[in-house]
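Notes to accompany the following structure.
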Amino acid sequence: MKAVQLISQGVPGVLKYHDVPDPIAAPGEVLVRVKACGLNRLDLWFEEGGLPVPPQLPRIPGGEISGEVLSLGAGVSEWKPGDRVAIQSNLFCGQCEFCLRGEESICLKGQLLGVQRDGGFAELIAVPASALVKLPDNVAFETAAALTLASSTAMHMLANRAKVRQGDWVLVIGGNSGVGAGAIQIAKELGAYVISTGSTEAKRTVATSLGAHHVVDSSQSNWPELVRNITQKRGVDIIVEHVGGEVLQKCFTCLARGGTIVTCGATAGRDVALNLWPLFVKEQKLIGSYGRNRADISTVLEWAANGKIKAVIDKIFPLAETREAYNALRERRVLGKVVIRP
Ligand SMILES: [Zn+2]
């Protein structure tokens, strides 16, 4: 089959588009014909060697996969050839104490598809049957590949971790990103008032089109003040944060008493100085969110089928042009998601 392999890490790393042997579905696994695969920041971190995971190269990256079941490994009976599926990228064991509670996102033996195991920038992929989620008939493969990872991350952050309530003020950092675009729509659907940040006019227009009630220019150094002003100085109840560094520090300025910052990324820095005094005096919470559970993916795909959430796709690249897709995302030349189609 044709596939893109990461041969060596770097900025940029060496990505090679070439022929590799077809994967084989082991017992309990399913062979899937990849129809589309979203590109994410995670793929860039892996390319750059920025993940705290020892690389095993060469590796086929790509974790946001949709496709069609092609054949079944031994012992798999719940799927059949031709089934349309999305794939959960955080593989889980199904047996540890956390999996047994439905918290696959913090599985003790969790593995990242496209990092610790070959991913979806390929014509075929073999994955555990437990990683498949049914794709509703009216959700296009490209839509699924733009929502399965990013928006289910946002769903996990808002519905599972921060538990947004009707009437909450929610601030979404970077509403044009994959997680941000999902978070605006999910928070609004759950009854929140949504403020989004965006660094350019075009990105702010995307946030508005997705339903953000207010949009703030994050290229202004006083953007936290602008957020406070929108809430009459009260601050917001929940902040969806995925940048880290100074942005995370500034988020505390926007946070109401009793408010929660939920974070799932640290592109701008993992070490953040924290002033504990306002944190405990105002009874605020800083909580982590990692990946997603099956329930989060199923909900996102169901919402996509019902028109409650839409994918924002900037461009679809053929597999042979995966390198160009990486460059576009790294250079922030995209409005919405970048999807690869084998
Ligand atoms: Zn587990």
Side-chain angles (χ1 to χ4, degrees), residues 23-32 34 37-38 40-43 45-46 50-56 59-67 69 72-79 83 85-120 125-135 144-145 147-163 178-179 182 186 242 262-266 270 285-302:
I24 294 163
E29 294 187 351
V30 173
L31 189 66
V32 173
V34 178
C37 183
N40 289 281
R41 287 266 147 215
L42 182 75
D43 299 306
W45 295 338
F46 180 46
L51 290 177
V53 176
Q56 295 164 295
R59 172 70 72 223
I60 300 172
E64 195 162 25
I65 306 160
S66 64
V69 172
L72 309 175
V76 178
S77 56
E78 62 272 39
W79 298 98
D83 281 346
V85 293
I87 299 178
Q88 183 169 359
S89 63
N90 53 312
L91 303 179
F92 55 95
C93 76
Q95 288 161 1
C96 72
E97 63 169 302
F98 303 103
C99 284
L100 292 177
R101 308 205 293 240
E103 294 174 5
E104 298 135 15
S105 58
I106 47 173
C107 170
L108 286 172
K109 295 180 183 167
Q111 272 196 323
L112 287 173
L113 207 53
V115 176
Q116 290 153 301
R117 195 182 150 119
D118 279 340
I125 184 171
V127 287
S130 61
L132 301 187
V133 180
K134 185 183 183 320
L135 185 58
L147 291 175
T148 301
L149 191 149
S151 286
S152 65
T153 299
M155 182 67 79
H156 192 63
M157 294 173 87
L158 282 163
N160 181 303
R161 301 292 294 137
K163 296 190 170 50
V179 170
I186 292 163
H242 49 91
V262 57
T263 182
C264 74
R270 290 179 194 163
K285 291 186 277 291
L286 171 61
I287 60 175
S289 186
Y290 184 67
R292 65 213 58 77
N293 300 334
R294 293 174 70 74
D296 299 310
I297 298 185
S298 298
T299 305
V300 164
L301 295 176
E302 190 185 302

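Residue numbers start at 1 and run along the sequence shown. Since the structure is predicted, the reported quantities are computational estimates derived from the model, not experimental observations. Values below: every heavy atom of this structure, side chains too, minus hydrogens, waters and symmetry copies. Every number for a ligand or one of its atoms is a count from 1 in the order of the listing.
- Annotation: side chain of Ser105 is not in contact with side chain of Arg161 (no heavy-atom distance under 4.5 Å).
- Only protein atoms were considered; those of element N, O or S under 2.8 Å from the Zn ion (ligand 1) number 4.
- Judged by distance alone, the side chain of Asp118 and the main-chain N or O of Ile60 form a donor-acceptor pair under 3.5 Å.
- Counting only N and O atoms by type, the side chains of Ser89 and Arg292 include a donor and acceptor under 3.5 Å apart.
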Exercise for the section: Determine, step by step, whether Leu91 and Leu112 satisfy the side-chain contact (heavy atoms from CB on, under 4.5 Å) criterion, reporting the C-alpha distance in whole Å, the side-chain angles of both residues, the deciding distance to 0.1 Å, and the verdict. Expected result: CA-CA 6 Å; Leu91 303 179; Leu112 287 173; over 6 Å; no
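- For Ile24, the CD1 atom sits in a loose shell: 12 or fewer heavy atoms of surrounding residues, nucleotides or ligands are nearer than 6.0 Å.
- Side chain of Glu104 to main chain of Asn90: no donor-acceptor pair is present (N/O by atom type, distance under 3.5 Å, no hydrogens or angles).
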